[in-house]
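Beneath this line is the structure, given in structure tokens, with notes to follow.
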Amino acid sequence: MSTTASTQDSGGARTEVQREQLSDVVVRFAGDSGDGMQLTGSQFSNTSALFGNDLSTLPDFPAEIRAPAGTLPGVSAFQVRIADYDIHTPGDAPDVLIAMNPAALKTNLGELRKDGILIVNTNDFNKRNLIKAKYEANPLEDDSLEGYRVIEVELQRLTRQSLEELEIDNRSRDRCKNLFALGMVYWVFSRSLDPTIAWLEKKFAKKPVIAEANIKALKAGYNYCDITGVFQTRYEIQPAKLEPGTYRSINGNSAFSLGMVAASRRSGLPLFLGSYPITPASTILHELARYKQFGVTTFQAEDEIAAVCAAIGASYGGSLALTTTSGPGLALKSEAINLALITELPLVICNVQRGGPSTGLPTKTEQADLLQALYGRNGESSLPVIAPATPADCFDAALEACRMAIEHMVPVIFLSDGYLANGSEPWRVPEVEDLPDLRRAFAERPAEDDDSFMPYRRDEKTLARPWAVPGTPGLEHRIGGLEKEDVTGSVSYDPENHERMVHLRAEKVARIADSLPPLEVTGSPEGGPLLVIGWGSTLGAITGAVNLAHAEGLPVSRVHLRHINPLPNDLGEILARFDKVLLPEMNSGQLASVLRGRYLKDIVTLSKVQGRPFSRGEILAAIRQHLES
Amino acid sequence: MSTTASTQDSGGARTEVQREQLSDVVVRFAGDSGDGMQLTGSQFSNTSALFGNDLSTLPDFPAEIRAPAGTLPGVSAFQVRIADYDIHTPGDAPDVLIAMNPAALKTNLGELRKDGILIVNTNDFNKRNLIKAKYEANPLEDDSLEGYRVIEVELQRLTRQSLEELEIDNRSRDRCKNLFALGMVYWVFSRSLDPTIAWLEKKFAKKPVIAEANIKALKAGYNYCDITGVFQTRYEIQPAKLEPGTYRSINGNSAFSLGMVAASRRSGLPLFLGSYPITPASTILHELARYKQFGVTTFQAEDEIAAVCAAIGASYGGSLALTTTSGPGLALKSEAINLALITELPLVICNVQRGGPSTGLPTKTEQADLLQALYGRNGESSLPVIAPATPADCFDAALEACRMAIEHMVPVIFLSDGYLANGSEPWRVPEVEDLPDLRRAFAERPAEDDDSFMPYRRDEKTLARPWAVPGTPGLEHRIGGLEKEDVTGSVSYDPENHERMVHLRAEKVARIADSLPPLEVTGSPEGGPLLVIGWGSTLGAITGAVNLAHAEGLPVSRVHLRHINPLPNDLGEILARFDKVLLPEMNSGQLASVLRGRYLKDIVTLSKVQGRPFSRGEILAAIRQHLES
Amino acid sequence: MSEQATLTRKDFQSDQDVRWCPGCGDYAILKAVQSVFPELGIPREKFVIVSGIGCSSRFPYYMDTYGFHTIHGRAPAVATGLKVSRPDLEVWVVTGDGDALSIGGNHLIHTLRRNVGVKILLFNNRIYGLTKGQYSPTSEIGKKTGSTPLGSVDAPFNPLALALGAGASFVARSVDIYQKHLVETLRQAAAHKGSAFVEIYQNCNIFNDAAFAYMTGKAERADANLYLEHGKPLTFGADGDRGIRLSGVGLEVVRVGENGVTEDDLLVWDAHAPNAALASLLAHATPPAFPTPVGLFRAAAQPSFESQVVGQIESTIEKQGSGSLESLLRAGETWTVD
Amino acid sequence: MSEQATLTRKDFQSDQDVRWCPGCGDYAILKAVQSVFPELGIPREKFVIVSGIGCSSRFPYYMDTYGFHTIHGRAPAVATGLKVSRPDLEVWVVTGDGDALSIGGNHLIHTLRRNVGVKILLFNNRIYGLTKGQYSPTSEIGKKTGSTPLGSVDAPFNPLALALGAGASFVARSVDIYQKHLVETLRQAAAHKGSAFVEIYQNCNIFNDAAFAYMTGKAERADANLYLEHGKPLTFGADGDRGIRLSGVGLEVVRVGENGVTEDDLLVWDAHAPNAALASLLAHATPPAFPTPVGLFRAAAQPSFESQVVGQIESTIEKQGSGSLESLLRAGETWTVD
Ligand SMILES: Cc1ncc(C[n+]2csc(CCOP(=O)(O)OP(=O)(O)O)c2C)c(N)n1
Ligand SMILES: Cc1ncc(C[n+]2csc(CCOP(=O)(O)OP(=O)(O)O)c2C)c(N)n1
Ligand code: SF4
Ligand code: SF4
Ligand SMILES: [Mg+2]
Ligand SMILES: [Mg+2]
């Protein structure tokens, strides 16, 4: 709520309720894993999206399926920022925090902004829960909450009360208390209940009592605010002025899945996914498994190696082949990725990064698999790496990954992360005919007397070899993981041939740079004292920070990389135009080391390795610091 | 024979045979895989070593077990350079080539130096073999061999003749023709037959006829030269002036194996090897399997992953744990290596690099797994990487790898290559008491009332955590792949703790740099126009080239890296002192990219990716070029 | 030094909060293990629990023994290295159906083939719990999950048949809530010298609730379970009058007293048979045609892998003496430069 | 377009020099495959040979069909992806005992469990050939090799028992030099709809010569082989008077005419039995107690994995029509900004 433009309007209000216009607001729902916080947050987001706000979300859930109720590791949270303008991040500090129990309060209070609104469910603040949350004293009873606008609500009692007449047990009643809370939030932000009511009716179509209970609780929460006047102010956030079009809210894994289906259609190739479940990538498998009417084959393999190998087999057979995983799984696939690389078969490897090393922080986000993606294979094995920048960008980046794979006959790594995978934002749905045309012909049966088919004869421009799929008469040939002779593809141990092939494979990837659009530099493209460069999911926080810096009049510019390998042709020149270059990344400086080596330019890392994304404030502070020193 | 000091001595010779003193000579034995070239070459090397020469060898064999006899892919070769001074490489171009068949001639002639001696087995130059070797005409009959000193010998016929009296079949007789050739070479280089005779007697102790046949053939070859005078000159290479001590000839895999046994003894920890066979690493498994009297346990696992996991289990239990592999196997192990990293268990991972990517060139050498070793794991996962420089150095480097692993509780990658693994050189055997003391105490049972054991409390200097092995009463604790809390080691999803642990793990490795000796700069340590920097097995070729350059008066200096991570503390300063830095490596510039990124110094790569080592000439040429331009 | 005399269940409870879902079958298994360990007369510090990744694999955190929560599927390999290098330790592996049979299938069968002396407890809930409910290699055909919205099409593994096919020397099955039976089965596993493979049916009440209700339900239990007891005829049913007999090379369910069948016709269970044929037959006896056999399928005395590996080392040292590093370094042909 | 009418063995010979050691058993297997393929009435371009790494895995280079020499142990996984996405192709996997049973064990058992319609030829030479002779998971106990100088200590896999334990629908065994038998076995494999697993004993004359001489030797052959023929009683021996009969749950070697045994007592071979029990028993019949069974152990009709995967896709499209990308992109709740 930092950049609010508030007006007062006590016109028709029954009590002294004021109306305030806000430009943006950050709300965080926090509770036990069993409290339905992800659902509650999603509903608030969707309703706001339908209303026309721009928004950005950040779910945050524990590694355990259901850690013991009431404990600190069991807390699940969902943050959403809604705004009447174009925003890029789910916000730094929440303006409003809903805490369903002591553990949720404990883990989330620290980030609530000073003077923020705090809604607490007092019924859960009993001795047992306080102990589980490792509170020595009841924070509601000492001065812990000073400086916040605390709204204490007996959520459990009130919800039960509102559902008294329904023939359900108390446990079922209690399960509705998140809807009661949501109703309250809807009231505060002057939102319609209709989208959520419609959604509940659909979701519980087969259990009408449950639908009714949830809807009743929702309305009760809303009415509770109306009647009791617990809030003195209602807020309004106007719709954002977005580009005209049809919008939907989408998270990164969904956008990626749709992008792959679109690529399948636009290339005319059936999509084949070989995958082994792993957080935070599994939902791509789940989503694509539902698209059988698009001819999508999903194969849940026995492990990551089988998953990528099956994808390689499918690619060999002429499918658009995909494998999805996260860090430890990418490590396992590395040997096989090199098989695709040397046999020059198209393949998309989607790696949704999470906190490492080893099992690490499986449900948290990080960008620390970059060097693994670039270099984690034996021998010289350069392959394209692309990193989407926002949840919705996963759609376009998927198409671009497929373009590179098909056009150049090469495995491509798509480097998403947990934040993109689960975070959502409004997405302007594109027209199908505007999507890139990805058709590429398979090698065709040669004329009867033509013996000249050469599986490693290359296209002059792309250096791609022909895609000669089994079943084509006359193209019978053998490929494999041993080094092959240039042009013929026969096994070759010849020293010079090996060197030539190493160069050809690298050059094929390097040439992709020629097909990339020029980079866009925001700020002063002609150069200046400071450039902030980012890649992948830091786009939002960096853009937000640079916008804030511009508002302060700071001379900072910004450029964002989507293609990590090959690097864009114009990058070197751009870097050279700036005195200082700052690179925020959610690792210890991985891309910085690559760029430094490539361009011999001193690039300063702003590192964050905490399993959560940058805030704008962190980056803004670094910008200020580097402009001063 | 380029730097010879020849004298004539026709004194007591029966015919006009001259005696010439040489300073060094390069001999290459080449034949079919079935011709026993590796054995022949080894014998010549050993005899020369026993005589006191310095030497360096380069075996080169095909990927097939026994490719069809007579074909080009079936050629097996062994090159050895012997000298009366301290040498570093197996030589660039052979001075003497023994070609047992047309295929061997075809694949090896190109490298024989002009005016070199060529011994050919004419019996094998029949039509069938010429076709198999893809010769259109018989090279013995056209002018292909002009410019070489060709010695045509009917090896097969002469060998059969010499073994006429023995009761063996012709096939067995033919198997001795390599010994006949060896006898000839011994005559040319004035070598004693005794070591080989002794070796044959031992090897065929159970088959005395075969021993006799081989010995007879050996002598026959020697006498053949004596009698027929096919050679006008005999050469002598005096013993080298090596440091006093006991010497033996050793290859890299053997030296590494002995180093590991020595480390086991010096640390008091039993050695455990978990491995899965793969060329060119398998011989380490074979060798260590024979050291049961040293308490060495070798476990041939079902795959590379099981191999490294078993080693991790053994390390957890208090063994000195080792796993050995080559490139594709390292890729497979990467997930598990991170488990050792995050649980902070000592482990040595020996990777004998071969030509990649994928199956690549399995029997050839390359240095292209460097970036994989440094970065091929998910998340932030810095670990020590050490690269031995010569076959014998594998012994010392093994001990150093173990030192780092044990002292810092960390997995260490030992980056050897095919050239070091199979190449051999004289090794001055160290005294056991001069070897480093690697003892480190396990954590001990705490006092009865002491509850303070903390599995992640670190040593202040090394940052190592305690090694608390199962079976110790009172130290029961749990470790695993999830992020852990600083000090306590409990599972922790706390953001700041994660960042702290990422830094601590990196810092632990970085601190190793403080224990490294200063780098030695040859040439002008104070700086100059050109520094050649190398790592791993290129030491020999670089040293040779720089020595040649110094002989030409060129102002070039040299430094060699053994520790790739962490890099030595003084490296940055050294680089800064030179105008240009040249880095020859058997890859496309992997270390160069790392050093450029780290030191922002323009480092120029001299790349060779041909599955074979640099020659001195190649490096010398690059030195000249860079000093000129 | 050793504390075994006084060990109790409490001694095996760690201070960590147990983080399985309320109602998860894993709790009961934890309880059973914590009951058996103190009975074994082994000092606490000698126990090591090695696990992979999955809900079940959180097990070591809750045991106050040495514990290693490794990576997905690899626990048998880590345990092998540990046991071979430290045969004095009691190494128990805890794993799930995905961990052991999907990604870890190969390590499992090789560990069983080698007969490494580790106890392997496979918590079979027929689902991937930790990754939120995908079908597993033990899910029944037609299973609808996130990754198989129209139902899975591939036949599941029969874990016991697979283990027997791999040459396992000890194979047993129990059920999370059969606490007494489970405890007894764990005791038998503890007593076995080589690899002991125990499949434990485990209810995942979140993603695959009531997967075993067909046999564990109150109404079904008596008729749906066949308790294997060595040396006893195979009978089952509420009235104990039903049984299993051989018919050709197969098995057949009969009722004693009907069609002239007497108790003598029933198969007498031999868990120690030298070959695995009968155990295989029983492993293939699956509902609805048969009651589900639980208990000890096979326990054959075979030398353990680690005893033989260590044996080779010990006998070499016995014969040749402990190696001299000095001589080793100087082995082969040497020469001296003065 | 299709050339099947006129295909001959020559059509399947590629122009590559065959690079196995002279005398290697692989040659005979190559010959057998090249004899069977032209008979099958399938166009040459429909054949794909997928292999792993090992001497045996060089196989595709020598066949003038499509071929994929993949990486060590992973051929079944690559083949699965190929077959599921292209059920019209004939996918044959060639693998070795190390490739299939050591590093690739898991992919093998999962492929068999799923019943993917690929033919798997396992060249079992009981040794690692390509890496120069280490012991393999099928080497006999006590095998002395480079990696086991004092002899191996672990029991080998019984590949057929393992395959059956994994649920394989087709299991057979033949021998490199039994050319006619091998050809017939390959024909049966070709005719099977799901996974066909064929173990082929193969002599590695360099690193494990004469490993199968006990049964292939001239003197031994008649008494040491038991040829399985569906519907025929199990007899063997030079005089054909010896046979196999059931004894309890096991098997027993008998002589017809002795102790009142008649031909009617012998087990009549049923390769199509619905359950794998009998096949398992036979798989466990090993020398010296039994002759080595060769031929078809099991061929059970079960739906193939790919047919069902494709079936779900086809029936969805049939019911819902081919998906509209436009609608998919606009699915869920949308709103419009003008
Ligand atoms: C290499 C790797 N791949 C995938 C995963 C994700 N993962 C964690 S547990 C699991 C399966 C769990 O199923 P199961 O073994 O049956 O255990 P349960 O949770 O049911 O007890 C998977 C796929 C991982 N952690 N590591
Ligand atoms: C990942 C990997 N690990 C190890 C190897 C080395 N390797 C190649 S073939 C082979 C075993 C070969 O044995 P088998 O499968 O029995 O085939 P054979 O040579 O006997 O036909 C091994 C270990 C490899 N190529 N790749
Ligand atoms: S998800 Fe299932 S298996 Fe996992 S803890 Fe919950 S109930 Fe247990
Ligand atoms: S090593 Fe053995 S298996 Fe390999 S080609 Fe030679 S004989 Fe055949
Ligand atoms: Mg499970
Ligand atoms: Mg083999």
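Naming: A, B, ... by sequence-line order, numbering from 1 per chain. Side-chain atoms are counted along with the backbone in the values below, which use heavy atoms only and exclude waters and symmetry mates.
Nearest heavy-atom pair across B:L341 and A:P357 is CD2-CG, 3.8 Å. The minimum heavy-atom distance linking A:P328 with B:E335 is given by the pair CB-OE2, 3.8 Å. The shortest heavy-atom contact between B:D369 and A:G379 is OD1-N, 2.9 Å. The two residues B:S358 and A:I342 make their nearest non-hydrogen contact at CB-CG2, 3.7 Å.
Interface summary for chain A: among B:K601, B:R598, B:Q353, the most heavy-atom pairs under 4.5 angstrom belong to B:K601. Looking only at heavy-atom pairs under 4.5 Å with chain B, the residue among A:A368, A:G356, A:G376 that has the most is A:A368. The candidate from B:L330, B:L370, B:D602, B:T343 with the greatest count of non-hydrogen atom pairs under 4.5 Å with chain A is B:D602. When each of A:G360, A:S381, A:S593 is checked for heavy-atom pairs under 4.5 Å with chain B, A:G360 comes out on top. When B:R500, B:Q372, B:R377, B:M501 are compared by the number of non-hydrogen pairs under 4.5 Å with chain A, B:Q372 comes out ahead. With chain A as partner, the option from B:Q590, B:K484, B:Q367 having the largest number of non-hydrogen pairs under 4.5 angstrom is B:Q590. The most heavy-atom pairs under 4.5 Å with chain A, out of B:A331, B:P73, B:G355, B:G329, come from B:A331.
Proximity to chain A is limited to the backbone of B:S492, based on heavy atoms less than 4.5 angstrom apart. Contact annotation for B:K333: neither backbone nor side-chain heavy atoms come within less than 4.5 Å of a heavy atom of chain A. Contacts between B:R505 and chain A at a heavy-atom distance below 4.5 Å involve the side chain alone, from C-beta outward. Interface remark: A:I305 contributes side-chain atoms only to the contact with chain B (heavy atom separation under 4.5 Å). Residue A:L600 touches chain B through both its backbone and its side chain, counting heavy-atom pairs closer than 4.5 Å. Neither the backbone nor the side chain of A:S382 comes within contact range of chain B; no heavy atoms are under 4.5 Å apart. Neither the backbone nor the side chain of B:L595 comes within less than 4.5 Å of any heavy atom in chain A. Proximity to chain B is limited to the side chain of A:E366, based on heavy atoms less than 4.5 angstrom apart.
The structure places CG of B:L361 at 8.0 Å from CG of A:L482, a figure rounded to the nearest 0.5 Å. Rounded to the nearest 0.5 angstrom, B:Y493 OH and A:K364 NZ are separated by 8.5 Å. Here B:R596 contributes atom CZ and A:Y599 contributes atom OH; the two are 11.0 Å apart, rounded to the nearest 0.5 Å. We find the CD-CD distance between B:E499 and A:Q610 to be 4.5 Å, quoted to the nearest 0.5 Å. Note that CG of B:L339 and OG1 of A:T359 are 7.0 Å apart. Values are rounded to the nearest 0.5 Å.
A salt bridge links B:R612 to A:E496: at least one charged side-chain nitrogen sits closer than 4.0 Å to a carboxylate oxygen. A salt bridge does not link B:E483 with A:R354: none of the charged nitrogens is closer than 4.0 Å to a carboxylate oxygen.
Checking side-chain atoms of B:E380 against main-chain N and O of A:S588 turns up a donor-acceptor pair under 3.5 Å.
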